[in-house]
Amino acid sequence: AQTVTQSQPEMSVQEAETVTLSCTYDTSENNYYLFWYKQPPSRQMILVIRQEAYKQQNATENRFSVNFQKAAKSFSLKISDSQLGDTAMYFCALIQGAQKLVFGQGTRLTINP
Amino acid sequence: ETGVTQTPRHLVMGMTNKKSLKCEQHLGHNAMYWYKQSAKKPLELMFVYNFKEQTENNSVPSRFSPECPNSSHLFLHLHTLQPEDSALYLCASSQMTGGLNYGYTFGSGTRLTVV
């Protein structure tokens with residue numbers, strides 16, 4: 001069975017700082033996808049970044065990047081130059097093959113002015 | 001209009017009422033999902049539809065009844081709910097190709113309050 005664990009229920013940083021959110025997972029498959037979703041107060045779950053397990057290169061999207069450690073089953077999200085609009089719940093998620101998306105418990109991130 | 005649209009955004013209903021949640025996707029995806037998001041709990045998958053056929057019912061009580069008339073529309077019919085059913089209900093869609101699922105697109109959810 002797939003599991004996703006986010007060990008940081010809440011984090012807060014000052015605007016413009018860099019913050020890293022942790023995620024570990026467990027899967028028996030070799031081919032899978034990992035995701036970070038953002039859920040702001042508007043409630044919509046927004047895809048931030050996606051990593052394909054067979055790619056060694058870490059995915060990046062503007063200020064967002066991941067540190068994907070396949071052997072350690074770790075998938076952390078780094079947000080550089082954090083902005084007030086980054087305040088949200090962040091969910092790490094995993095999907096393998098055609099199976100369902102499995103979410104972690106979420107990390108509430110607050111960016112302070 | 002693009003993306004996944006859910007209506008209504010907010011719903012308050014009594015325990016004896018019957019109501020329906022609606023989800024529509026404009027992405028050409030072939031799979032749709034209902035998730036329940038309660039406070040301080042992980043997201044719970046409720047139902048999965050692939051090509052209009054229900055492929056998963058995650059032990060959801062029968063007071064929740066899904067309907068998928070076509071691959072673009074998904075409904076969740078509600079009747080005789082309990083206060084503990086109050087939650088955010090999220091709809092999502094995805095494209096499954098060659099046995100691979102590339103990730104979900106979510107709607108903004110319906111905030112349901114059962115009184």
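Labels below follow one simple rule: chain letters A, B, ... track the order of the sequence lines, proteins then strands, and each chain is numbered from 1. Side chains included, hydrogens not; waters and symmetry mates left out as well; all remaining heavy atoms used.
- Annotation: residues 73-90 of chain B contacts chain A through Leu88(B), Leu90(B) [non-hydrogen atoms, separation under 4.5 Å].
- Under the 4.5 Å side-chain heavy-atom criterion for ILVMFWY residues, a single connected hydrophobic cluster contains both Phe91(A) and Phe35(A).
- When heavy atoms are compared at a cutoff of 4.5 Å, Gln39(A) approaches chain B solely by way of its side chain, counted from C-beta outward.
- Within a 6.0 Å sphere centred on NZ of Lys70(A), other residues, nucleotides and ligands contribute more than 12 heavy atoms.
- Other residues, nucleotides and ligands contribute at most 12 non-hydrogen atoms within 6.0 Å of the CZ atom of Arg108(A).
- A continuous path of Ile, Leu, Val, Met, Phe, Trp and Tyr side chains, each step under 4.5 Å between heavy atoms, connects Leu109(A) with Leu84(A), placing both in one hydrophobic cluster.
- Within 6.0 Å of atom NZ in Lys73(A), more than 12 heavy atoms from other residues, nucleotides or ligands are found, so the atom counts as buried in its surroundings.
- The hydrophobic clustering, which links ILVMFWY residues whose side-chain heavy atoms are closer than 4.5 Å, places Met11(A) and Leu77(A) together.
- In the hydrophobic cluster analysis, where Ile, Leu, Val, Met, Phe, Trp and Tyr join through side-chain heavy atoms closer than 4.5 angstrom, Met32(B) is grouped apart from Leu45(B).
- Heavy-atom minimum distance, Arg43(A) versus Arg9(B): NH2-O, 3.1 Å.
- Only the side chain of Arg50(A) comes within contact range of chain B, with heavy atoms under 4.5 Å apart.
- Other residues, nucleotides and ligands place more than 12 heavy atoms under 6.0 Å from the CG atom of Asn70(B).
- A distance of 8.5 Å separates CG of Leu101(A) from OG of Ser94(B), quoted to the nearest 0.5 Å.
- The six-membered or imidazole ring of Tyr104(B) lies away from that of Tyr37(A), with a centre-to-centre distance of 6.0 Å or more.
- With a 4.5 Å cut-off on non-hydrogen atoms, Tyr32(A) does not touch chain B at all.
- Placement of Leu94(A) and Phe64(A) within a single hydrophobic cluster is found when ILVMFWY residues are connected by side-chain heavy-atom separations under 4.5 Å, directly or transitively.
- Between atom CE of residue Met89(A) and atom CD of residue Gln37(B) there is a gap of 7.0 Å, rounded to the nearest 0.5 Å.
- Across all their heavy atoms, Gln44(A) and Ser108(B) have their closest contact at OE1-OG, 3.3 Å.
- Open room surrounds CD on Gln56(A); 12 or fewer heavy atoms of other groups in view lie less than 6.0 Å from it.
- Atom OH of Tyr35(B) and atom CE of Met45(A) lie 9.0 Å apart (nearest 0.5 Å).
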